[in-house]
Amino acid sequence: MTTFICKVASRCNLDCDYCYVYRHADQSWRRQPQRMSMRTAAQLGRRINEHAMTHHLREVNVILHGGEPLLLGLPYLRELCDAITEPTKNVTIRWHGQTNGVLYDEATLEFCRERNLSFGLSIDGPAEAHDRHRVDHAGRPSFAGAHRALTLLSSDWGRPVWGGVLAVIDLRHDPLEVYRFLRGFEPPNIDFLLPLGHHDLRPPGKDSPGTTPYADWLLRIFREWYDERPQPIRIRRFRDVVALHLGAQNSSEEWGLQPVDLIVVETNGGLQAVDTLKVTFEGACDLGLNVFDHSFDDALRSPSVRARQDAWATLSPICQACDLVRVCGGGYFPHRYSAEAGFNNPSVYCADLMKLIREITTVVDQDLARLA
């Protein structure tokens, strides 16, 4: 395991209506300290160093997450990073973070350049698309702050520490308008996220299992993006489909059958499985472990994490029999859930994934055939 998602702040300055932390089944954030203490951060650093030595790792990824990590303020965030770094004598930390951008300013950018800390920006497109969901706790829009961050990160000064863009799909907005707006800032990558849902929490606009509204939305972008070759912007979802189709073994978490390579650390030091499971049921992420009493190998041996290390064993029979499973991996784990069958289902997005994969790979195969 090489990636540690660290919940350094358990609160957020926005109240996004689709947020998996605050708006869904698991409400454990209410019991978390508002920020990670220095004591917890130092112990986290010791555990990272221990894990690196055990597994002969030269570098690891530490992702500052929340809530909103910039709520800590730069002095506290600097001290926290130092507390994590000081015990990690045997491994290099590659620093990353995820922000809604509202608090990202020139001073933050200077700090990020100093630490070589790259932040990804959550922004859903132009103002109308972004502000439909991403408002503060008084219901006020947040686009102005996110746009300011976007301008800073896309500058020559900010680009070296820009991790890219996360945008949650809303079917009501024109996909090409959203894509062209984001493309205009030339981010290093764009990740278009499917809204977190499952069989008991059907995604917006997904009226029945056989419909494909999300594939149709994404394919409009794909056709334009593919024709822009060589593609100036990496769209992770499309790149993963193409790479896995052509024989790659590794991809991002949502695709393929490779073992999951991450653990989440809560602000109190608790160790958790992937936090997007919070959309399924209360306690879905909880491993009953913490950085003070347990190693990361203890977490990797826990049943709910092991279930995602042997990806094939967790697939439903329908998925195991499908010719696309090596690409889709059965769909993202939270998307498979139902109270009746647990995670032993195809993804609630199964029809979308099938259409998306088949159309993308057909285009790629036709291109390869012309070159042969």
Side-chain angles (χ1 to χ4, degrees), residues 16-20 23 120-134 143 146 150 164-187 189-199 201-229 231-245 251-255 276 279 324 327-336 346-364:
C16 306
D17 60 13
Y18 49 56
C19 182
Y20 62 86
R23 291 296 199 105
L121 178 65
S122 298
I123 183 168
D124 291 345
E128 181 183 2
H130 182 85
D131 287 337
R132 184 184 291 275
H133 302 283
R134 302 183 63 80
F143 178 77
L150 187 59
V165 165
L166 294 183
V168 178
I169 297 169
D170 185 325
L171 298 174
R172 291 171 290 187
H173 297 291
D174 185 294
L176 294 180
E177 181 183 354
V178 171
Y179 171 56
R180 290 166 183 168
F181 171 80
L182 296 174
R183 182 185 62 191
F185 292 88
E186 299 182 349
N189 61 76
I190 304 173
D191 196 1
F192 290 107
L193 302 178
L194 297 168
L196 277 166
H198 47 74
H199 293 278
L201 181 69
R202 197 166 293 282
K206 184 76 173 169
D207 299 325
S208 65
T211 59
T212 60
Y214 288 91
D216 297 338
W217 196 94
L218 284 164
L219 284 167
R220 288 186 63 196
I221 295 175
F222 171 76
R223 294 178 189 113
E224 180 160 306
W225 172 82
Y226 193 77
D227 288 340
E228 293 170 342
R229 289 169 294 166
Q231 287 88 8
I233 296 169
R234 182 181 186 272
I235 297 183
R236 189 182 71 171
R237 193 168 296 276
F238 302 154
R239 290 290 185 93
D240 280 353
V241 170
V242 174
L244 289 165
H245 174 63
S251 66
S252 56
E253 185 195 1
E254 289 192 37
W255 295 91
T276 48
V279 300
L324 300 179
V327 177
C328 81
Y332 193 37
F333 204 63
H335 295 162
R336 305 179 199 174
S347 169
V348 70
Y349 289 106
C350 180
D352 293 281
L353 299 179
M354 291 181 72
K355 182 172 184 177
L356 187 69
I357 293 167
R358 291 195 191 284
E359 294 212 13
I360 290 175
T361 56
T362 295
V363 170
V364 170

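Please read these numbers as outputs of a predicted model, since none were measured by experiment.
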K.L.:
Would you name the heavy atoms of Leu182 and Ala167 that are closest together and state the gap between them?
P.N.:
CD1-CB, 4.1 Å
K.L.:
If you round to the nearest 0.5 Å, how far is SG of Cys350 from CG of Leu324?
P.N.:
8.5 Å
K.L.:
Test Phe143 against Glu128 for side-chain contact (heavy atoms from CB on, under 4.5 Å), laying out the working first.
P.N.:
CA-CA 9 Å; Phe143 178 77; Glu128 181 183 2; over 6 Å; no
K.L.:
Distance from Leu193 atom CG to Arg236 atom CZ, nearest 0.5 Å?
P.N.:
7.0 Å
K.L.:
For the residue pair Phe181 and Phe185, categorise the inter-ring angle as parallel (less than 30°), tilted (30 to 60°) or perpendicular (more than 60°).
P.N.:
perpendicular
K.L.:
Counting C-beta onward and ignoring hydrogens, is there a side-chain heavy-atom pair between Leu218 and Phe238 closer than 4.5 Å?
P.N.:
yes
K.L.:
Does Val348 reach the side chain of Pro209, with side-chain heavy atoms less than 4.5 Å apart?
P.N.:
no
K.L.:
Would you indicate whether the side-chain heavy atoms of Arg223 and Val363 approach each other to under 4.5 Å?
P.N.:
no
K.L.:
For His199, which residues count as a ring pair (Phe, Tyr, Trp, His ring centres under 6.0 Å) partner, sequence neighbours excluded?
P.N.:
none
K.L.:
Search all heavy atoms of Ala146 against all heavy atoms of Leu121 and return the closest pair with its distance.
P.N.:
O-CD2, 3.8 Å
K.L.:
For Thr211, is there any backbone N or O sitting under 3.5 Å from a side-chain donor or acceptor partner on Lys206?
P.N.:
yes
K.L.:
Among all residues two or more places apart in sequence or in another chain, which pass the side-chain contact (heavy atoms from CB on, under 4.5 Å) test with Pro204?
P.N.:
Pro195, Tyr214
K.L.:
With a 4.5 Å limit on heavy-atom distance, are the side chains of Phe192 and Trp217 in contact?
P.N.:
yes
K.L.:
Tell me whether Asp124 contacts the main-chain N or O of His130 through its side chain, where contact means a donor paired with an acceptor under 3.5 Å.
P.N.:
no
K.L.:
Val165 and Pro187: which non-hydrogen atoms are nearest, and at how many Å?
P.N.:
CG2-CB, 4.0 Å
K.L.:
Do Pro126 and Glu177 have side chains that approach each other closer than 4.5 Å (heavy atoms only, starting at C-beta)?
P.N.:
yes
K.L.:
State, with a plain yes or no, whether a side-chain heavy atom of Ile169 is found less than 4.5 Å away from one of Leu194.
P.N.:
yes
K.L.:
Using the test side chain to side chain donor-acceptor pair (under 3.5 Å), find all partners of Arg132 that sit at least two apart in sequence or belong to another chain.
P.N.:
His173
K.L.:
Do Phe333 and Arg336 have side-chain heavy atoms sitting under 4.5 Å apart?
P.N.:
yes
K.L.:
List the residues meeting side chain to side chain donor-acceptor pair (under 3.5 Å) with Arg183, not counting sequence neighbours, and say none if there are none.
P.N.:
Glu224, Glu228
K.L.:
Should the pair Tyr18 and His133 be assigned to parallel (<30°), tilted (30 to 60°) or perpendicular (>60°) ring geometry?
P.N.:
tilted
K.L.:
Would you confirm whether Arg134, through its side chain, and Ile123, through its main-chain N or O, come within 3.5 Å as a donor-acceptor pair?
P.N.:
no
K.L.:
Between Tyr332 and Thr276, is there a side-chain donor-acceptor contact under 3.5 Å, judged purely by atom types and distance?
P.N.:
yes
K.L.:
Of all the heavy-atom pairs spanning Leu196 and Pro334, show the shortest one and how long it is.
P.N.:
CD2-CB, 4.3 Å
K.L.:
Hey, could you give me the CH2/SG distance between Trp255 and Cys328, rounded to the nearest 0.5 Å?
P.N.:
7.0 Å
K.L.:
Would you check if Arg234 and Ile190 make a side-chain contact, meaning some heavy-atom pair closer than 4.5 Å?
P.N.:
no
K.L.:
Of the non-hydrogen atoms in Val178 and Gly125, which two are nearest, and what is the gap between them?
P.N.:
CG1-CA, 4.2 Å
K.L.:
Rounded to the nearest 0.5 Å, how far apart are CZ of Arg358 and NZ of Lys355?
P.N.:
12.5 Å
K.L.:
Would you say Asn189's side chain and Ile235's backbone share a donor-acceptor pair under 3.5 angstrom?
P.N.:
no
K.L.:
Taking side chain to side chain donor-acceptor pair (under 3.5 Å) as the test, write out the residues that go with Thr361, two or more places apart.
P.N.:
none
K.L.:
Mark yes or no for whether Trp225, through its side chain, and Ile233, through its backbone, hold a donor-acceptor pair below 3.5 Å.
P.N.:
yes
K.L.:
Output all residues satisfying ring pair (Phe, Tyr, Trp, His ring centres under 6.0 Å) with His198, sequence neighbours left out; order by chain, then residue number.
P.N.:
Tyr337
